[in-house]
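Any value given below was found using the heavy atoms of this structure, including those in side chains, with hydrogens, waters and symmetry copies removed. Per chain, numbering begins at 1; letters A, B, ... match sequence-line order.
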Amino acid sequence: MSGDYLSLFRSLLGKAWLPRFQEWKQPGMAEKILIERPAARGHGDLATNLAMIAAGAVRRPPRELAAELADDARQATELAGHIETVEIAGPGFINFTLSNKSLLGAAREALAAGEGFGAGTAPKPEKILLEFVSANPTGQLHAGHARYAAYGDSLRRILSFAGHDVTTEFYINDYGSQMDLFGRSLASRYAQELGRDVPFPDKGYLGDYPVHLAMRIIAEAGDRYLEEADPELAPGAGDFFKLIGRDLVLEEMRRVLEEFRVTFDNWFSERTLHESGAVKQSLAELEKAGEMYEKDGALWLSTTRYGDDKDRVLVKENGELTYIAADIAYHRDKLSRGFDRLINIWGADHHGYVPRMKAALEALSHDSEKLEVIIGQLVNIVEMGERKQMSKRAGTMVTLSELIDSIGVDAARFFLVDRSHDSPMDLDIDKARMQSEENPVYYVQYAHARISSILRKAREAGAGADRPLDAGPRPELAVQERDLILKILEFPGAAASAAMTRGPQRLTAYARDLAAIFHVFYHNCPVIKAESATAASRLALCRLTRNVIARCLGLVGVSAPEAMQRAGD
RNA sequence: GCGCCCGUAGCUCAGCCGGAUAGAGCGUCGGCCUCCGGAGCCGAAGGCCACAGGUUCGAAUCCUGUCGGGCGCGCCA
């Protein structure tokens, strides 16, 4: 946790106050110290509400406790040099004003920490498997997938930065009745394109996409598979085509995801679980553990024993396996790979599935606490002020590819991740396109470009752009300069909070704040034009600010440009 | 009917392990470019934090209920 000044300050306070906690017989109090930035400027740089928390336990007036704590802080050798003033205010807040020297020292350390500033905040680093998107390989990725892709990939970056060992995985649902239907739809379109009438299956995959796939197959292989496409001649026609189709679809998905800056360490095929016997094996294990029973000709798993609201069928009456049978084997496989935690990102339409999956893991004597399912709310497409459901059939589907084309990767990723994953989102594609130039992402990127420009100018002028932050004495700091440093010092906390709450929007919000504070600093504090020592110090502060902005953007997969193109060009 | 999520400025949404005067972007109105990038800054208007109770010194935040919206409740995936 290098460069985390606020944590350091907290632990110094804990040390200074330890005798007082012992006197109050509240030895655990040090854990409860919460350091915040007060909302109002008159309330100092940092504040703690500890006296008010303690008042309840000690049964004494908060202001009285605050007075004692404030005295201790003023006299503590640990804090000497860090603190300018300590004041009590309101119902019992203790407000600290930090010394310029301490602030500059903190900024210097943050700069020296470089890439490591704010990294490694996880209290207990874990080996994590993060599974997301996992779309059926039967069509294109849509805006809903885009949301989960942006969210999941940001989470990968954020959790890794916090010190976790993260592996990402895309589960390919390439087995079962949907795939069969897809294969038969594709076979039919292929034959039809070649002039042979092979009937289109009932409830098959409509739309242009299977037709495009068929045409691609023709472009590559001509009519070579024509006999294969006809179920009259080849009983396994669907099987043949679904595998070709799957590969084409996956290739396309991978390409679009990469363009969206989302990559997966593993692509895991459901089919392989059936072929390797892994599904049968986990069924046998459940059977052996006495967790299964037969009813109505089907095989059931007693998930109700572990909190599910009804038992679930694993083997259907007709002998086919249900989706969850394979999913159990899949999660068993994940756990066998030695992960401390499995994080799954599922759409809200799958949330009812969580209890049965956890129950299944319990039935296999696994700790279901290891499975963390994050439910992402859905994306509504808004057109002409009207909400439409995302539907492949109704043609109201906006694809990831279209989204990238209309607003670009940066704006799309920032937009998708800027609101919390558990509130539903409206996406008006036309509005998004029109407003793309006013997207908040540019506000943050502009600050980065502006700083880059200042640093370029300084370097050209030989103004010492690379001099260390503490070059020369700097007894004075402008308020805007103090605000900027204090905001930067919040970064490790923001990154930690984003990781802990699985909330990338903490970082986009933080980045916006930081950019705003930088713009204010810029308008009030000359950098290059300041006298030499001040200029050197401010240039270093600019570098630090740029690093942090770039880091925030990088953690959500958004680029940090050295220069912005002018709007309207 | 039961379960999960959401209800905060005109719009899109942060804040939700309780804290001081509730924030941002967009939109509206008024200022600021001989000066390091005006995609910026400064100011103004705009809020019973859905509603009603409860816990607390203190509630947008925690608990209960009501209303409104989304999503589930398959031998589909």
Length of the NE2-P vector between A/H421 and B/C13, whole Å: 15 Å
Are any protein N/O atoms closer than 3.5 Å to N/O atoms in nucleotides 19-23 of chain B? If there are, list each pair with its distance.
from  : atom 1 : to    : atom 2 : distance (Å)
B/G19 : N7     : A/N49 : ND2    : 2.8
B/A20 : N6     : A/N95 : OD1    : 2.8
B/A20 : N1     : A/N95 : OD1    : 3.4
B/A20 : N1     : A/N95 : ND2    : 3.2

Could you check whether A/Y175 gets within reach of a base, just the sugar-phosphate, or nothing at all, counting any heavy atom under 4.0 Å? sugar-phosphate
Between OH of A/Y151 and P of B/A14 the distance, given in whole Å, is 12 Å
In whole Å, I'd like the distance from the NE2 atom of A/H519 to the P atom of B/C32. 21 Å
Assign the ring pair A/F268 / A/Y330 to parallel, tilted or perpendicular, where the plane angle (0 to 90°) is split at 30° and 60°. tilted
Step-by-step salt bridge (Lys or Arg N to Asp or Glu O under 4.0 Å) determination, A/K334 to A/E131: CA-CA 10 Å; A/K334 284 181 177 178; A/E131 184 216 322; 2.7 Å; yes
What does A/V520 touch in the nucleic acid at a heavy-atom separation under 4.0 angstrom: a base, only the sugar-phosphate, or nothing? sugar-phosphate
Categorize A/C525 for me: base, sugar-phosphate, or nothing, with a 4.0 angstrom heavy-atom threshold over every strand shown. base
Rounded to the nearest Å, what distance is computed from the CD atom of residue A/E317 to the C1' atom of nucleotide B/C75? 8 Å
Going 5' to 3' through nucleotides 4-9 of chain B and flagging B where a protein heavy-atom sits under 4.0 Å of the base, S where only the sugar-phosphate is that close, and - otherwise, we get BSS---
Within the structure, does a side-chain N or O atom of A/R419 lie under 4.0 Å from either OP1 or OP2 of B/G25? no
Does RNA chain B take part in any stems of at least 3 consecutive Watson-Crick or G-U pairs (both distances under 3.5 Å), and if so, which ones? B:1-7 with B:67-73, B:10-13 with B:23-26, B:28-32 with B:40-44, B:50-54 with B:62-66
For B/C5, decide between syn and anti, treating a glycosidic angle within 90° of 0 as syn. anti
Just to be sure I understand the rule, does A/N524 reach a base, reach only the sugar-phosphate, or reach nothing, if contact means heavy atoms closer than 4.0 Å? nothing
Could you check how far CZ of A/R312 sits from P of B/C76, rounded to whole Å? 13 Å
Can you list everything that forms a salt bridge (charged side-chain N to carboxylate O under 4.0 Å, His left out) with A/R450? Sequence neighbours excluded, please. none
Categorize A/S420 for me: base, sugar-phosphate, or nothing, with a 4.0 angstrom heavy-atom threshold over every strand shown. sugar-phosphate
Quick one: side chain to side chain donor-acceptor pair (under 3.5 Å) partners of A/N547, sequence neighbours excluded? none
Output all residues satisfying side chain to side chain donor-acceptor pair (under 3.5 Å) with A/D180, sequence neighbours left out; order by chain, then residue number. A/K242
NZ of A/K280: more than 12 outside heavy atoms within 6.0 angstrom? no
What pairs with A/R271 under salt bridge (charged side-chain N to carboxylate O under 4.0 Å, His left out), at least two apart in sequence or on another chain? A/E275
Calculate the interatomic distance between A/Y443 atom OH and B/G40 atom C1'; express it in whole Å. 8 Å
By side chain to side chain donor-acceptor pair (under 3.5 Å) - contacts of A/R246 (at least two apart): A/D174
Could you pull out all residues at least two apart from A/R60 that satisfy salt bridge (charged side-chain N to carboxylate O under 4.0 Å, His left out)? A/E64, A/E68
Round to the nearest Å and state the distance from A/Q505 atom CD to B/G25 atom P. 18 Å
Could you list the residues that satisfy salt bridge (charged side-chain N to carboxylate O under 4.0 Å, His left out) with A/D410, not counting sequence neighbours? A/R261
Could I get the full list of side chain to side chain donor-acceptor pair (under 3.5 Å) partners for A/R312, not counting sequence neighbours? A/D308, A/D309
Just to be sure I understand the rule, does A/S177 reach a base, reach only the sugar-phosphate, or reach nothing, if contact means heavy atoms closer than 4.0 Å? sugar-phosphate
Output yes when at least one side-chain N/O atom of A/K310 is less than 4.0 Å from OP1 or OP2 of B/G74, else no. yes
Using whole Å, what does the distance between atom C1' of nucleotide B/C36 and atom CZ of A/R543 come to? 16 Å
Over all strands shown, is A/A55 touching base, sugar-phosphate only, or nothing at heavy-atom distances under 4.0 angstrom? nothing
Applying side-chain contact (heavy atoms from CB on, under 4.5 Å), can you list everything that pairs with A/L514, at least two apart in sequence or on another chain? A/L484, A/K487, A/I488, A/Y510, A/T545, A/V548, A/I549
